[in-house]
Amino acid sequence: MSARKVRVRFAPSPTGALHIGGVRTALYNYLFAKQNGGDMILRIEDTDSQRFVPGAEEYIIESLNWLGIKFDEGVGIGGPGAPYRQSERRDIYKKYVQQLLDAGRAYIAFDTPEELDAKRSDVANFQYDASTRMEMRNSLSLSKEEVDALIANGTQYVVRFKIEPNEDVIVNDLIRGEVTINSSILDDKVLYKSADELPTYHLANIVDDHLMDISHVIRGEEWLPSAPLHVLLYRAFDWEAPRFAHLPLLLKPDGNGKLSKRDGDRLGFPVFPLEWKDPKTGDISSGYRESGYLPEAVINFLALLGWNPGNDQEIMSMEDLINMFSLDRCSKSGAKFDYEKGKWFNHKYIQQKDNAELARMFMPILKEHGVEAPAAQVEQIIGLVKERVNFVKELWGQSSFFFIAPVQYDEKTAKKRWKAESPEQMTELCDVLAGIEDFSAENTETVVKGWIEEKGYHLGNVMNAFRLAVVGESKGPHMFDITSLIGKEETIARLKQAVASIK
RNA sequence: GGUCCAUUCGUCUAUCGGUUAGGACGCCAGAUUUUCAUUCUGGAAAGAGGGGUUCGAUUCCCCUAUGGACUACCA
């Protein structure tokens, strides 16, 4: 074990919204870094000018910010390794590509994409490697004069990594153990493209991780097959490689395969942290934030998809997670995404949140419904109904009757709860209520129950009709908590309205 | 096709050779409640198949099956 300082990076490429699986990768990197007193770096890997999507970088930063995943260095922050955007590091990569060329570890290839396509359709399983490279047009097969002439007349070329065949490359993965791959199955990967003067992912990644002194590379399993290539690249440069940890993938909830944007659209749940509008198509994809998720709930839920603390604890704050996280408790197999469990986490976090904070989140929703109410009152109402909701926005459905008198009465409930004697009893109840001085829940309950008992009425019948009249249907918190909040006048008015309307 | 990785209730998972295979979500039932929820209690529900190794395998090894990832001048 090297005594290197822990430094990890999250290195997304700005090709669209940040996928929830990417968020989990960022989270695990963050947890690992913070647990070890290390640094977390944000690097933007925009070496593919073709796939660049405007706004994606800002989206990624805003998403991680919302979730509370903080960076010590990187795009938008700066640091000793700046710039952290790969498109701004052209000169650096050029220098290292040249170094590989000079050392004979890489070569220049002139084959056009068309030529390669033709080759691939001609030869089954064609691979550009030690067995085929001499048949191609490159600096190994061509004379020095030919190569110089081609470059001089501006022919576009790529630089390929010269992989020595038949060598077992061992990747020591922190999650999977030793993974051995024979170098013969690797092709001579393109490292650099003269067309846009940019390296490909593989080269840029290795150079940057080295220059930024990254100690641990924690990334998705889709990178495992190219890990040996990276190991070989570190060797070619004679650099110390970081430790690798390849995380299992997040899978679709139904069927099989990697979770994708489409699954979210199809099954009706977000796969992105924030709402995302595709600048090309104008399509809008929903986000966890806009769907009413609390960032703590998303973090907690995601943390447990592929990792567990080894005990039965499920509710964990970011701080808990930082303390408890460990790479060797990460599972090896992909986790299917269970949206129902995500909802449950949100429910739990809503219960933990104090009413004042929930009220602040609820206010805009109230406004949408044309309701203006004092914060103190909203807080009290939230205290009464929050245990019944999974999302802040559901608060309206559970509490609208506090703000607006029922305009209609649920038919089924009316049929069942509104008895022949109800109109008379409710009219009597109006008088009873009118006579109450202290309209607190406790006192009102005492008085009303006293009246019911005195008259020999059936408690359930009276209360159910009472609820129907005040709420409009058969739901809601304790009746007298409702009446004390809406007040005597409103309660009586609603009773009278009900007597007049319910048949 | 090739290479690599994986495989415990429907789902997320615990188990580091000996357990009535545990927990959670979801589901079902019951209790509580003046309603609806919440909550509580209980229940159904799992080691892919086949070989080994071992006194003993969910656990270690091999094979098969299944799933996944990768196989671009994308990341």
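Proteins get letters first, then strands, A, B, ... in listed order; numbering begins at 1 in each.
- A:Phe272 and A:Tyr59 have perpendicular rings, their planes meeting at more than 60° on a 0 to 90° scale where under 30° would count as parallel.
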Under 3.5 Å between N/O atoms: give me all the protein pairs with nucleotides 30-34 of chain B, atom names plus distance.
| unit_1 | atom_1 | unit_2 | atom_2 | d |
| --- | --- | --- | --- | --- |
| B:rU34 | O2' | A:Asn464 | OD1 | 2.9 |
| B:rU34 | O4 | A:His478 | ND1 | 2.4 |
| B:rU34 | O4 | A:His478 | NE2 | 3.0 |

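- The list of side-chain hydrogen bond (donor to acceptor under 3.5 Å, both in side chains) pairs with a residue in residues 181-191 of chain A, not counting sequence neighbours, reads A:Tyr107-A:Asp188, A:Arg133-A:Asp188, A:Asn166-A:Asn182, A:Asp168-A:Asn182, A:Asn182-A:Ser184, A:Asp187-A:Lys189.
- A gap of 31 Å separates the C1' atoms of B:rC70 and B:rC9, to the nearest Å.
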Check: If the sugar-phosphate is the primed atoms plus P, OP1 and OP2 and the base is the rest, what is the B/S/- string for nucleotides 1-13 of chain B, using protein heavy atoms under 4.0 Å?
Finding: B-SSSSS---SSS
Taking only distance into account, with no hydrogens and no angle test, what donor-acceptor pairs under 3.5 Å do side-chain atoms of residues 298-306 of chain A form with protein atoms, sequence neighbours excluded?
| unit_1 | atom_1 | unit_2 | atom_2 | d |
| --- | --- | --- | --- | --- |
| A:Asn300 | OD1 | A:Met316 | N | 2.7 |
| A:Asn300 | OD1 | A:Tyr349 | OH | 2.5 |
| A:Asn300 | ND2 | A:Glu314 | O | 2.8 |

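- Legend: residues meeting side-chain hydrogen bond (donor to acceptor under 3.5 Å, both in side chains) with A:Lys261, ordered by chain and number and at least two apart, are A:Asp265.
- Counting only N and O atoms by type, the side chains of A:Arg176 and A:His246 include no donor and acceptor under 3.5 Å apart.
- Comparing the same atom, C1', in B:rC12 and in B:rA46 gives a spacing of 13 Å after rounding to whole Å.
- In this structure A:Arg262 satisfies the side-chain hydrogen bond (donor to acceptor under 3.5 Å, both in side chains) test with no other residue, sequence neighbours excluded.
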Notebook entry, point to check: What is the per-nucleotide protein-contact pattern of nucleotides 38-45 of chain B, from the 5' end, where B denotes a base atom under 4.0 Å from a protein heavy atom, S denotes such proximity for sugar-phosphate atoms only, and - denotes neither?
Noted result: BS------
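- When the P atom is compared between B:rG47 and B:rU58, the two are found 10 Å apart, to the nearest whole Å.
- Taking A:Arg494 as the reference, A:Glu490 meet the side-chain hydrogen bond (donor to acceptor under 3.5 Å, both in side chains) condition, with sequence neighbours excluded.
- Atom CD1 of A:Ile382 and atom P of B:rA37 are 22 Å apart (whole Å).
- Residues forming a side-chain hydrogen bond (donor to acceptor under 3.5 Å, both in side chains) with A:Arg24 (at least two apart in sequence, or on another chain): none.
- Applying the ring-ring contact (aromatic ring centres under 6.0 Å, His included) test to A:Tyr288 and every residue at least two apart in sequence or in another chain returns A:Tyr293.
- The C1' atoms of B:rU7 and B:rU59 are separated by 14 Å, rounded to the nearest whole Å.
- Every pair passing ring pair (Phe, Tyr, Trp, His ring centres under 6.0 Å) that includes a residue from residues 395-416 of chain A is listed here, sequence neighbours excluded: A:His369-A:Trp396.
- Within the 4.0 Å cut-off from OP1 or OP2 of B:rC73, at least one side-chain nitrogen or oxygen of A:Arg160 is found.
- Every ring-ring contact (aromatic ring centres under 6.0 Å, His included) that A:Tyr457 has, sequence neighbours left out, goes to A:Trp451.
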